[in-house]
Amino acid sequence: MNEPLRLERIWRVYRTEAGELPVLCGADLCLREGEIVALVGPSGSGKSTLLHLAGLLEKPDGGNVYVNGRDAAALSDDERTAIRRNEIGFVYQFHHLLAEFTALENVMLPQMAAGRPRREAKARAAQLLSMLGLSERLHHLPGKLSGGEQQRVAIARALANAPAVLLADEPTGNLDVHTADVVFEALLGIVRAQGVAALIATHNPALAQRMDRRVTLIEGKIEEF
């Protein structure tokens, strides 16, 4: 089975006035094609840092990040940017939608930035939003959408360029319990339908149990029980 994402002995050390603060200490993780993995761990354990490194937003102090078999350390900045744009999707706790654009346009924009013609981008955006139950909200601005609807638009945007990997950092953490459940179910459904490998950080044990596999970040390393 393919491994769209592989982390090998990842180290990340933050340097502060008080000295060095190791956050990741030789963390290893493989993400297989089509599987959804829960990343859990106590607050401050380094989950967001791990996601940033996996998404090529930061560079590790040691170890290697492989995306579709390519060692990110051997790539130029332009090549890393292209991978982030075309092969990795991101969903955050806050949706970060562009307020002046409709739901449809927010999902079209990353596609057009990647060179997809406007007509194809529009069709893809409408398809994804409809899969997420937003077919009646395509032309609404974010300010006219509920919190759960905004987050579903953000999920569609993350999947717009058909990435191999989806990274999500507490994607329902800013929602009430009922809305979080609805959004998470929509996220699982569309990720499985698209065949994406997903790594989802969550502090919610009930949500973690609904994923294919759970890994825990403990003292800078990944443990799987």
Side-chain angles (χ1 to χ4, degrees), residues 1 3-7 10 23-24 27-55 57 88-97 103 107 128-134 137 142 145-160 162-225:
M1 183 176 288
E3 293 177 349
L5 178 67
R6 181 155 51 95
L7 310 181
I10 296 296
V23 177
L24 299 174
D28 295 296
L29 177 67
C30 288
L31 199 62
R32 295 184 285 271
E33 185 176 16
E35 75 170 345
I36 302 173
V37 177
L39 175 63
V40 302
S43 179
S45 60
K47 297 189 297 295
S48 294
T49 296
L50 184 75
L51 290 173
H52 288 168
L53 294 169
L57 296 172
I88 302 174
F90 299 90
V91 182
Y92 300 99
Q93 182 173 346
F94 299 97
H95 56 77
H96 299 301
L97 299 175
V107 184
L128 290 171
L129 290 168
S130 294
M131 290 176 70
L132 287 161
L134 296 172
R137 298 287 189 270
L145 300 174
S146 69
E149 289 170 340
Q150 290 172 344
Q151 196 65 333
R152 279 182 279 166
V153 175
I155 292 167
R157 180 183 58 188
L159 294 171
V165 177
L166 179 74
L167 303 173
D169 195 356
E170 301 283 3
T172 61
N174 196 41
L175 304 172
D176 63 72
V177 174
H178 173 71
T179 303
D181 188 69
V182 171
V183 170
F184 192 75
E185 192 62 34
L187 173 61
L188 290 182
I190 196 168
V191 166
R192 293 193 194 284
Q194 299 288 309
V196 181
L199 180 62
I200 303 175
T202 180
H203 65 276
N204 188 324
L207 296 185
Q209 289 178 357
R210 292 160 65 180
M211 300 188 225
D212 300 325
R213 192 158 56 97
R214 185 181 72 177
V215 297
T216 305
L217 192 51
I218 301 176
E219 295 182 352
K221 293 188 177 182
I222 293 286
E223 303 285 350
E224 185 167 0
F225 300 98

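Side-chain contact between L129 and V153: present, with at least one pair of heavy atoms (C-beta onward) separated by less than 4.5 Å. Counting only heavy atoms from C-beta outward, the side chains of L7 and L53 never approach each other to under 4.5 Å.
In this structure A158 satisfies the side chain to side chain contact (heavy atoms under 4.5 Å, CB included) test together with V91, L166, sequence neighbours excluded.
We find the CZ-NE2 distance between F90 and H52 to be 8.0 Å, quoted to the nearest 0.5 Å. Note that CG of L217 is 7.5 Å distant from NZ of K47, once rounded to the nearest 0.5 Å. Rounding to the nearest 0.5 angstrom, the gap separating the CZ atom in R137 from the CD atom in Q150 is 12.0 Å. How far CD1 of I222 is from CG of L39: 5.5 Å, rounded to the nearest 0.5 Å. Here I36 contributes atom CD1 and L187 contributes atom CG; the two are 7.0 Å apart, rounded to the nearest 0.5 Å. Atom OG1 of T179 is separated from atom CD of E149 by 9.5 Å, given to the nearest 0.5 angstrom.
With hydrogens and angles disregarded, a donor-acceptor distance shorter than 3.5 Å links the side chain of Q151 to the backbone of P171.
Nearest heavy atoms, P163 versus G89: CB-N, 3.6 Å. Listed here is the closest heavy atom pair of S48 and D169: OG-OD2, 2.7 Å. Nearest heavy-atom pair, E33 versus P4, reported as atom, atom and distance to 0.1 Å: N-CD, 3.5 Å. Considering all non-hydrogen atoms of both residues, L97 and P142 come closest at CB-CG, 3.9 Å. For V196 against A164, the heavy-atom pair with the smallest separation is CG1-O, 3.6 Å. The shortest non-hydrogen separation linking L128 to V107 is CD1-CG1, 4.3 Å.
Each of V183, L134, V191 was evaluated against I155; a single residue qualifies, V183, per the side chain to side chain contact (heavy atoms under 4.5 Å, CB included) test. Applying side chain to side chain contact (heavy atoms under 4.5 Å, CB included) to L51 and the options L57, L199, I200 leaves one that passes, L199.
Sorted by first and then second residue, the side-chain hydrogen bond (donor to acceptor under 3.5 Å, both in side chains) pairs with a member in residues 215-225 read R213-E224; sequence neighbours excluded. The stretch residues 200-209 participates, sequence neighbours left out, in these side-chain hydrogen bond (donor to acceptor under 3.5 Å, both in side chains) pairs: E170-H203.
Taking a 6.0 Å sphere around CZ of R210, one finds it holds more than 12 heavy atoms contributed by other residues, nucleotides or ligands.
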